[in-house]
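Positions are given from 1, in the same order as the sequence printed here.
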Amino acid sequence: MTGIEEAAEDVRVLRLADAGGADLPAWEPGAHLELLLPGEIRRQYSLCGSLSDPAEWSIGVLRANPSRGGSAYLHDHVAAGDELDVTGFHNLFPLLPAERYVFIAGGIGITPILPMIAAAEAAGSAWELHYGGRHRLSMPFRDRLAEHDDRVTIYPQDECGLIDLDRALAGVGPGVLVYACGPEPLLDVLGERSARTSMQLHIERFAPASAADDASSTPFEVELVRTGVSMQVPADRSIIDVLEDIGVDVLTSCREGICGTCETEVLGGLADHRDSLLSDEERETGNTMMLCVSRARSPRLVLDL
C-alpha cells in the first residue's frame with residue numbers, strides 16, 4: 001500500500017500498488033477489488049482512482065457502524081507500506097455508452113461514480129451529478145469534483161435536505177442513462193420511479209434490497225454435477241452453508257446477495273432468486289443464481305459444481 005488519505009469523516013482512501021512494481025491490470029468504471037483480510041474476511045470495494053494510471057489502484061473505505069470486521073480493520077490496523085491481499089476484481093456495475101448520463105450518489109456511493117464521470121468526459125458525453133451526504137465533512141472527494149462545479153450539485157442533508165430527485169431526473173428521456181449508488185432508501189425510491197416510467201436506471205447496492213422471507217423457505221435437493229454429490233438444503237440453512245458442511249469450496253464474500261462472488265450456473269430446476277444483483281430478465285432466464293441467499297422454486301436444483 002503506497003499511501004492513505006483521510007478523505008472525509010470516517011472515510012479513508014487506500015492507494016495500492018503491486019509489491020514488485022509491476023503495472024496493475026486495466027479496469028473499467030464500476031469495477032471492484034476484493035480484499036482477503038485476517039480471519040478469512042473477504043470484502044469488496046469500488047475502484048475510484050485514475051483509469052489511466054497502471055501503477056496504482058485506489059479504493060474508498062467507509063467505517064461501518066457497526067462494522068462486520070472489514071472496514072474497522074482497514075481503518076484501525078493498516079498503514080502506508082503494509083501489504084494487502086487482493087484476490088481479484090470484477091465489474092457488475094459497468095458503464096454503458098450513452099449520449100447523456102445522470103449520476104446520483106449518496107455518501108460512500110460516490111466511489112464507483114467518480115471513474116464513470118471521467119469516462120463520460122473522455123467520451124464527450126453530457127453528464128451531471130447529484131451528490132448527497134449527512135453533512136459536508138462526511139462527503140469525500142468534494143475537492144476533486146470542484147472542477148466540475150457547473151455540473152455537480154451537492155446536497156448536505158443538514159443544510160438543504162435530501163437529494164432533489166425531481167430536479168435530478170427532470171428531462172430524463174431516451175438516450176439518457178441514470179446511474180446511482182448509495183443508501184437503500186435512495187435506491188428504493190429510484191427503483192419505484194423507474195418501475196413507473198421508461199427511465200433507464202442502473203444501481204449498485206451496498207446492502208440487500210430486502211430480507212429473505214424465512215417463512216416461505218422450504219427444504220429442497222441440490223445435485224452437484226461435477227462433484228457427483230446430491231444434498232438436502234433445510235429450510236433454515238443456505239446452499240452455501242450446506243456446501244461448506246460437505247467440504248465443497250465455493251468462493252463467497254458478502255453472504256447477502258449483493259457482491260456476485262458466489263454466482264453459479266443452474267443446469268436444472270427453478271431458482272428462487274433473493275439477491276439484489278440479477279435483472280428481471282436474468283432471473284426469468286434462470287441461468288445463474290447466488291448461492292448465499294437464493295433458494296429453489298422446484299423440489300430439486302442441478303448446479304454446475
Side-chain angles (χ1 to χ4, degrees), residues 1-25 27 30-49 53-93 107-112 114 138 140-141 181 183 204-208 237-264 275-277 290-293 305:
M1 187 160 49
T2 60
I4 296 176
E5 173 193 353
E6 304 301 333
E9 182 179 276
D10 289 331
V11 177
R12 57 174 20 190
V13 174
L14 309 183
R15 299 193 300 274
L16 312 175
D18 182 81
D23 283 351
L24 298 168
W27 55 283
H32 295 76
L33 287 186
E34 181 177 83
L35 300 181
L36 178 60
L37 304 175
E40 293 298 310
I41 295 174
R42 294 179 183 271
R43 294 291 183 267
Q44 298 185 3
Y45 299 97
S46 297
L47 286 163
C48 59
D53 184 358
E56 189 173 87
W57 283 334
S58 294
I59 57 174
V61 181
L62 170 70
R63 181 195 291 274
N65 185 22
S67 172
R68 293 183 298 152
S71 66
Y73 176 82
L74 293 172
H75 273 259
D76 297 337
H77 300 290
V78 299
D82 290 351
E83 290 192 3
L84 293 175
D85 187 1
V86 177
T87 58
F89 72 98
H90 64 275
N91 194 346
L92 298 173
F93 191 42
I108 197 64
I110 190 64
T111 50
L114 289 174
S138 72
F141 307 114
C181 185
E204 181 173 61
R205 296 182 182 272
F206 293 143
R237 306 199 71 205
S238 70
I239 298 175
I240 283 287
D241 290 337
V242 179
L243 288 173
E244 290 176 343
D245 286 348
I246 65 174
V248 176
D249 186 24
V250 176
L251 286 180
T252 184
S253 178
C254 71
R255 293 183 179 259
E256 295 181 315
I258 58 174
C259 75
T261 303
C262 65
E263 185 172 6
T264 299
D275 64 276
S276 301
L277 278 172
M290 307 303 165
L291 302 184
C292 63
V293 293
L305 290 173

Novice: Quickly, which of V13, L84, T111, L35 forms a side-chain contact (heavy atoms from CB on, under 4.5 Å) with I59? Name it, please.
Specialist: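 Single side-chain contact (heavy atoms from CB on, under 4.5 Å) partner of I59 among V13, L84, T111, L35: L35.
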
Novice: Under the criterion side chain to side chain contact (heavy atoms under 4.5 Å, CB included), I'd like the reasoning laid out for L305 against L243: C-alpha separation, chi angles, the key distance, then a yes or no.
Specialist: CA-CA 10 Å; L305 290 173; L243 288 173; 3.9 Å; yes

Novice: Taking it one step at a time, do L16 and L33 satisfy side chain to side chain contact (heavy atoms under 4.5 Å, CB included)?
Specialist: CA-CA 11 Å; L16 312 175; L33 287 186; 3.6 Å; yes

Novice: Could you work out, with salt bridge (charged side-chain N to carboxylate O under 4.0 Å, His left out) as the rule, every residue matching E5, not counting sequence neighbours?
Specialist: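 Result, salt bridge (charged side-chain N to carboxylate O under 4.0 Å, His left out) vs E5: none returned.
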
Novice: Do R255 and D241 have side chains that get closer than 4.5 Å, going by heavy atoms?
Specialist: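 Touching, per the 4.5 Å side-chain cut-off.
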
Novice: Please report the interatomic distance OG(S58) to CG(D53), rounded to the nearest 0.5 Å.
Specialist: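 Answer for the OG-CG pair, S58 versus D53, is 8.0 Å.
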
Novice: Before you tell me yes or no, could you show the steps for V78 and R12 under side chain to side chain contact (heavy atoms under 4.5 Å, CB included), namely the whole-Å CA-CA distance, both residues' side-chain angles and the distance that decides it to 0.1 Å?
Specialist: CA-CA 11 Å; V78 299; R12 57 174 20 190; 3.9 Å; yes

Novice: Within the 4.5 Å heavy-atom criterion, are D10 and L62 side-chain neighbours or not?
Specialist: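 Yes, close enough: below the 4.5 Å cut-off.
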
Novice: What I want to check is whether the side chains of T87 and E34 have a donor and an acceptor closer together than 3.5 Å.
Specialist: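 Yes.
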
Novice: Flag the pair W57 / V86 as yes when at least one side-chain heavy-atom distance between them is below 4.5 Å, and no otherwise.
Specialist: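 Touching, per the 4.5 Å side-chain cut-off.
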
Novice: So how far is it from Y45 OH to I108 CD1, rounded to the nearest 0.5 Å?
Specialist: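 These two atoms lie 10.0 Å from each other.
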
Novice: Step by step, work out the side chain to side chain contact (heavy atoms under 4.5 Å, CB included) result for L36 and I41.
Specialist: CA-CA 6 Å; L36 178 60; I41 295 174; over 6 Å; no

Novice: If you round to the nearest 0.5 Å, how far is CG of L37 from NE2 of H77?
Specialist: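 Answer rounded to 0.5 Å: 11.0 Å.
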
Novice: Picking from H32, Q44, H90, R42, what satisfies side chain to side chain donor-acceptor pair (under 3.5 Å) with T261?
Specialist: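 Of the listed options, the one satisfying the test is Q44.
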
Novice: Give a yes or no on whether a salt bridge exists between D275 and R205, defined as a side-chain N under 4.0 angstrom from a carboxylate O.
Specialist: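 A salt bridge is absent here (no side-chain N lies under 4.0 Å from a carboxylate O).
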
Novice: Is any side-chain heavy atom of S46 closer than 4.5 Å to one of F93?
Specialist: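 No, too far: nothing below the 4.5 Å cut-off.
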
Novice: OG/S238 to CD/E244 distance, rounded to the nearest 0.5 angstrom?
Specialist: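 S238 OG to E244 CD: 7.5 Å, rounded to 0.5 Å.
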
Novice: When rounded to the nearest 0.5 angstrom, what is the spacing between CD in E256 and SG in C292?
Specialist: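 Interatomic distance, E256 CD to C292 SG, rounded to 0.5 Å: 8.0 Å.
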
Novice: Hey, does I240 have a side-chain heavy atom less than 4.5 Å from the side chain of V250?
Specialist: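 A side-chain contact exists here, since the closest heavy-atom pair is under 4.5 Å.
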
Novice: Of all the heavy-atom pairs spanning P112 and E204, show the shortest one and how long it is.
Specialist: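 Smallest interatomic distance, heavy atoms only, reads CG-OE1, 3.6 Å.
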
Novice: Would you say the side-chain atoms of T2 pair up with the backbone N or O of R15, donor to acceptor, closer than 3.5 Å?
Specialist: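 Answer holds: yes.
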
